[in-house]
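Quick note on labels: first sequence line is chain A, next is B, and so on, each numbered from 1.
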Protein chains: 2
Amino acid sequence: MAKTSQAAGLHRASLAKLHDLDAALELMYYGWRGMTLEADDYLAKQGLSRPHHRILYVVARRPDIAIGALIEILGISKQALNRPLNLLLERKLLTSKRAPEQHRSKLLRLTAAGQRIEQRASDHERKVMRQAFERAGASGTAAWMAVMEAIADNN
Amino acid sequence: MAKTSQAAGLHRASLAKLHDLDAALELMYYGWRGMTLEADDYLAKQGLSRPHHRILYVVARRPDIAIGALIEILGISKQALNRPLNLLLERKLLTSKRAPEQHRSKLLRLTAAGQRIEQRASDHERKVMRQAFERAGASGTAAWMAVMEAIADNN
DNA sequence: GCCCTCATGTCAACTATGTTGACTTGAGAA
DNA sequence: TTCTCAAGTCAACATAGTTGACATGAGGGC
């Protein structure tokens, strides 16, 4: 969990471009870095990290989600989910309860504390995006979204 | 190393949007995924992965780079660099030789085989970007770049 | 020649995030 | 009662990173 925000590799390296699209590859890399850097710092201060945030993010947007559905969305195994999920339950950032009729599955929900942390972490990321979109204007933002959708839906 | 390209979590999850910028956060996540998916599959078939590709990518663009400079650019410790770098040397995808006058540092260079693998892996990524840019046109591409630069340079 | 610095290399111990496989538990349904 | 299914748990492993400590080998200063 990066303490060393000033450490090497955090400035964008200036590499010769072998292909005209190399700049785009590097922008994807450094863009992800730029968006997540402050959020990860905040999470580290809470003793949490990106996998915890991903869980909180999804549960915030799918209250009463079952564990199996969460595994599906996150794309990890239940064993990999186990540790971070239990930590969030122990910390009382999440609650789990049996469904009223469907007792086979457990339903997850954020507590007030969990909502606060999820919101603050995501706010760091949204702040970065908001500033970039403000500079780009509405049409630039729409263009960015269109390009990103094409990239995301490639597979 | 993801074999299961059809596995869970690889389709974009449809989550309720709590904030208007949530779509942007998810596009960054799935965008990175979409760009790297095929390249990572290709690399896995070669017995390599993302860190190896990052080394090959940088050395391709900075022939005769010293180890210390590589560490700087990658932003990892020399101990972390050690394993993937030695694998690439053993596989003869990289060569290292002493500098003619500055014997203290070793200079890294890609072999022909290393160049081929670097190029093919990066080609998978560039292909995704090219297709997205073709749909967006020149002005959409420029707008995307401007937004990504603002995000990347946030820190 | 002797020592200091500096780049590199290596060993150990640790953390975090993921994997597969095997097994248990507990609730509902046939 | 038995079968199924969601969830939980344990072990072993792989990968990618961290710090700390120490070794090696080349140049430079004196």
List in numerical order all residues of residues 60-70 of chain B for which some heavy atom is under 4.0 Å away from an atom belonging to DNA chain D.
none
Can you tell me how far P of D:dA6 sits from CD1 of A:Ile71, to the nearest Å?
11 Å
Atom CZ of A:Arg83 and atom C1' of D:dC10: how far apart are they, to the nearest Å?
11 Å
Please report, rounded to the nearest Å, how far the C1' atom of D:dG8 is from the CG atom of A:Asn86.
9 Å
Candidates C:dG18, D:dT9, D:dG17 - which lies nearest the side chain of A:Asn82
D:dT9
Rounded to whole Å, the CG-P distance (A:Leu74 to C:dG18) equals 9 Å
Taking CG from A:Asp40 and C1' from C:dT15, how many angstroms apart are they, rounded to a whole number?
16 Å
Please state how far atom CG in B:Leu108 lies from atom C1' in C:dG9, giving the value in whole angstrom units.
13 Å
Below 4.0 angstrom from OP1 or OP2 of D:dG17, is there any side-chain N or O of A:Arg50?
no
Can you tell me which nucleotide in C:dG21, C:dT8, C:dG18 comes closest to the side chain of A:Gln79?
C:dG21
Is any side-chain N of the basic residue among A:Glu125 and A:Arg50 closer than 4.0 Å to the acidic one's carboxylate O?
yes
Scan side-chain atoms only and decide if B:Tyr29 and B:Arg12 contain a donor-acceptor pair under the 3.5 Å cut-off.
no
According to a strict under-4.0 Å criterion, is A:Ser77 in side-chain N/O contact with OP1 or OP2 of C:dG18?
no
Below 3.5 Å, can you tabulate the donor-acceptor pairs from side chains in residues 132-144 of chain A to any protein atom, sequence neighbours excluded?
{"residue": "A:Thr141", "atom": "OG1", "partner": "A:Gly137", "partner atom": "O", "Å": "2.8"}

Nearest whole Å is fine: how far is D:dC10 C1' from A:Leu81 CG?
16 Å
Is there a side-chain polar atom (N or O) of A:Lys78 under 4.0 Å from OP1 or OP2 of C:dT20?
no
Would B:Tyr42 and B:Glu38 satisfy side-chain contact (heavy atoms from CB on, under 4.5 Å), going step by step from the backbone distance to the final call?
CA-CA 6 Å; B:Tyr42 166 74; B:Glu38 292 170 38; over 6 Å; no
Provide the full list of side-chain hydrogen bond (donor to acceptor under 3.5 Å, both in side chains) pairs with a residue in residues 16-27 of chain A, sequence neighbours left out, each pair given once.
A:Lys17-A:Glu26, A:His19-B:Arg126, A:Asp22-B:Arg61, A:Asp22-B:Arg126, A:Glu26-B:Tyr57
A:Leu93 backbone acceptor or donor facing A:Thr111 side chain under 3.5 Å:
yes
Choose from C:dT17, D:dA16, D:dA11 the nucleotide whose nearest atom is closest to any side-chain atom of A:Ser49.
C:dT17
Check the side chains of A:His53 and A:Ser122 for a donor-acceptor pair under 3.5 angstrom, ignoring hydrogens and angles.
yes
Separation of atom CG in A:Leu88 from atom C1' in D:dG8, rounded to whole Å:
16 Å
